[in-house]
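Here is the structure we will look at, set down as structure tokens.
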Amino acid sequence: MNIVVCVKYVPDSQSERTFQESDNTVDREATDGLLSELDEYAVEEALKIVEARGGGEVTVLTVGPAAAADAIKKALQMGAHRGVHVQDDAIHGSDAVATSLVLAEAVKKATDGSPELVLTGMASTDGTMGVVPAMMAERLGLPQVTYASELTVGDGTVTIRRDGDTASETVEASLPALVSVTDQINEPRYPSFKGIMAAKKKPVDTWSLADLGLEASQVGLDAAWTTVVTFAQRPPRAQGQIVTDEGEGGAKLAEFLSAQKFL
Amino acid sequence: MYELSKDHEDFRAVVREFATDAVEPHVAQWDRDHHFPTDLVPRMGDLGLFGLVVPEEFGGSLEHAEGGAFTNLCIAIEELGRVDQSIGITLSAGVGLGINPILTYGTDEQKQRFLPDLVAGRALAGFGLTEPDAGSDAGATRTKAVLDDAAGEWVVDGAKAFITNSGTDITSVVTVTARTGTLDDGRPEISAIMIPSGTPGFTVEPAYHKMGWNISDTHGLSFAGCRVPAGNLLGEQGRGFHQFLKTLDDGRIAISALALGLITRMREEAAAYAKTRTAFGRPIGVNQGVAFPVADLAVMEEAARLLTYRAAWLKDEHEAGRRSVEEVKQAAAKAKLYTSEAAVTATRIATQVFGGNGFMEEYPVARFYRDAKILEIGEGTSEVQRMVLAKGLGLPA
């Protein structure tokens with residue numbers, strides 16, 4: 001089985017992230033970027049499926065600036081077989097709708113129009129909208145089974161477990177399908193030394209919008225359905241409140257929690 | 001000269017990620033509990049850390065290293081050592097003392113039997129040279145092995161001291177040096193013999209109470225009528241000590257890498273603390289009394305890095321036949337001597353910058369302070385390194 005995993009290159013969530021003043025988009029220069037941690041679960045799951053079935057290829061696909069090649073590299077080091085990097089200056093500032101268009105077209109091109117299984121993370125760690133998987137599935141005409149915390153590939157079907165607040169659902173869909181996975185599904189591997197060295201020799205295709213038959217006008221800031229009008233730094237966290245216990249500490253604590261509606 | 005390649009740095013990034021995510025969160029607790037994390041070893045194996053200098057036929061990746069295999073091992077030891085020295089030495093000893101002697105001197109059968117599990121991190125091996133009364137003076141070895149011809153077995157009696165990785169749940173074998181006869185000139189004939197864990201007569205003594213390296217597994221070993229097949233001789237009979245000497249240079253460079261990881265961490269910790277800790281309304285780093293020693297840490301780190309990786313590079317070049325063993329030996333002694341002594345100084349500086357907090361175990365500098373001292377002792381004391389260097393300079397022995 002051949003699997004396409006869509007991944008995103010994001011600013012490191014451990015660092016100070018901000019927007020750039022010029023066009024209110026993410027400032028990618030200000031922080032180091034990396035493969036979104038949430039996407040590592042999708043890469044790991046794809047590798048596990050291919051390994052268990054004893055065959056097939058994992059293609060890792062990303063849309064992003066030149067530096068996004070690092071996200072592909074990490075996935076190749078983990079064991080993915082080949083990479084596709086859609087890179088075009090016109091894509092800068094694209095919203096989820098446009099991103100899903102580019103990804104969907106790239107999936108089609110990478111699979112000669114017939115994907116078997118497309119995997120994604122549950123959301124990116126920067127935008128955290130979690131809507132791109134559903135949009136892609138719609139564009140590709142595939143069943144979408146999302147938020148999988150367990151995934152089983154059967155004969156012509158996929159079955160997932162989706163954990164909700166009150167119940168866990170078991171959902172089955174026919175293949176081909178698009179599945180988004182949560183951070184509960186597995187524990188992503190670290191690349192091995194052999195994996196790091198092997199990744200250097202793996203093929204990575206770089207495609208432009210034109211290669212996908214798309215126009216610049218369909219993507220980017222101008223085509224976005226929503227616009228970030230303004231942004232402001234969050235105020236620094238206020239100083240905590242210290243209650244000195246003079247025999248009534250418990251009561252004061254309860255009072256505080258009650259006022260904050262924790263009780 | 002040399003520089004670390006892009007591949008080396010890619011590898012460093014992965015080991016750092018592993019060390020930060022999988023090791024760092026646990027080490028304070030493990031140190032308190034004197035707990036050896038057996039489960040971590042196969043995970044290190046999955047990263048390929050035990051197989052960096054081992055050919056692919058035994059599960060390693062030597063052929064993929066493009067000439068920089070030993071340098072990669074040093075990078076891994078440095079990065080683990082930056083998070084915890086015990087974990088760093090577990091790798092260093094696992095490869096240098098556990099795997100290397102078998103890889104270098106083992107028969108095909110011995111290699112096939114032990115190496116795949118050791119490389120995968122499913123097992124660990126130790127090397128027993130030091131004895132209660134014999135350290136660098138290996139001629140004083142008292143442990144003896146007598147060949148029982150009729151049974152085709154070695155009978156080993158004696159004791160070994162301070163043996164790393166010798167008593168873990170997954171230790172599969174300990175190679176020990178033992179007297180197997182007397183040479184014409186009266187000196188003992190020393191050979192290396194492999195003693196599988198669990199062999200009757202082989203006792204692993206209770207773990208030592210150490211000042212540092214609390215997470216590392218260290219035991220005394222004793223042998224009483226311990227019988228192993230004659231085929232457990234490792235390498236040539238009578239070459240046991242000579243064989244061991246050849247692994248010493250590697251071990252010294254590895255200890256340098258471990259010390260480098262420590263110095264780097266002390267520089268990071270001290271600089272960060274000097275920026276954030278305030279006294280009299282200002283960060284303490286504005287005071288030259290704090291700032292200057294922190295600046296010195298940056299110099300120590302750089303010097304340690306250059307000495308360590310130059311020695312590692314020479315070792316890789318030696319493996320490729322381009323440098324002599326004597327060059328490696330001298331570079332290894334210089335690196336080991338400087339980095340280990342700088343490491344002790346670095347922890348002293350860092351704890352001083354931390355003030356009272358530096359004496360508290362809730363800050364990592366206290367653990368590194370306890371861990372540093374052994375670096376000046378293990379794999380040849382500072383004095384032994386100076387002996388090697390003085391000899392290299394042609395001074396009378």
Side-chain angles (χ1 to χ4, degrees), chain A residues 7 9-16 31-41 43-45 47-48 51-52 60 66-81 83 125 183-184 186-202 204 236-237 239-240, chain B residues 4-25 39-77 79-80 83 87 91 95 119-121:
Chain A
V7 303
Y9 178 74
V10 298
D12 188 347
S13 59
Q14 304 293 319
S15 58
E16 271 311 288
T31 53
D32 289 336
L34 44 69
L35 168 63
S36 172
E37 284 98 333
L38 288 172
D39 294 342
E40 288 186 7
Y41 297 92
V43 174
E44 175 66 31
E45 196 61 19
L47 294 174
K48 283 172 72 173
E51 285 162 4
V60 57
D70 274 359
I72 292 178
K73 185 167 91 173
K74 176 78 182 284
L76 295 179
Q77 289 176 342
M78 288 172 72
H81 300 82
T125 58
D183 56 358
Q184 301 301 307
N186 57 43
E187 186 170 345
R189 69 194 68 185
Y190 294 92
S192 70
F193 178 70
K194 261 187 225 179
I196 293 169
M197 298 305 281
K200 297 196 300 174
K201 303 187 182 93
K202 291 176 177 173
V204 178
R237 195 176 292 185
Q239 194 95 50
Chain B
L4 296 186
S5 67
K6 180 81 175 63
D7 294 340
H8 286 135
E9 295 302 343
D10 279 353
F11 178 58
R12 177 192 297 282
V14 170
V15 182
R16 179 167 291 201
E17 184 185 347
F18 174 77
T20 305
D21 296 350
V23 182
E24 177 92 57
D39 295 348
L40 190 69
V41 180
R43 297 186 69 191
M44 291 161 64
D46 287 345
L47 257 72
L49 304 187
F50 291 103
L52 292 168
V53 297
V54 180
E56 204 152 24
E57 63 172 311
F58 306 115
S61 61
L62 178 66
E63 295 86 344
H64 299 263
E66 297 175 6
F70 187 74
T71 299
N72 279 321
L73 178 60
C74 289
I75 288 169
I77 293 168
E79 287 299 329
L80 291 176
V83 165
I87 304 299
L91 172 64
V95 175
V119 168

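Proteins get letters first, then strands, A, B, ... in listed order; numbering begins at 1 in each.
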Chain A to chain B donor-acceptor contacts, backbone plus side chain, under 3.5 Å:
from, atom 1, to, atom 2, distance (Å)
A/Lys73, NZ, B/Asp10, OD1, 3.2
A/Lys73, NZ, B/Asp10, OD2, 3.2
A/Lys74, NZ, B/Glu17, OE1, 3.1
A/Lys74, NZ, B/Glu17, OE2, 3.3
A/Glu187, OE2, B/Arg43, NH2, 3.2
A/Phe193, N, B/Leu47, O, 2.9
A/Lys194, NZ, B/Gly60, O, 3.2
A/Lys200, NZ, B/Asp7, OD1, 3.3
A/Lys200, NZ, B/Asp7, OD2, 2.6
A/Lys200, NZ, B/Glu66, OE1, 3.3
A/Lys200, NZ, B/Glu66, OE2, 3.4

With sequence neighbours excluded, tell me which residues meet side chain to side chain contact (heavy atoms under 4.5 Å, CB included) with B/Val119. B/Val54, B/Ile99
Interface moiety of B/Ala22 toward chain A, non-hydrogen atoms closer than 4.5 Å: both
Considering only heavy atoms, which portion of B/Leu49 lies under 4.5 Å from any heavy atom of chain A: side chain, backbone, both, or neither? neither
Check side chain to side chain contact (heavy atoms under 4.5 Å, CB included) between B/Leu40 and all other residues, then give those that pass, not counting sequence neighbours. B/Phe18, B/Val23, B/Trp30, B/Pro37, B/Met44, B/Ile87
B/Ala65 portion near chain A, given a 4.5 angstrom heavy-atom threshold: both
I'd like to check the ring pair (Phe, Tyr, Trp, His ring centres under 6.0 Å) partners of B/Phe11; sequence neighbours left out, ordered by chain and number. A/Phe193
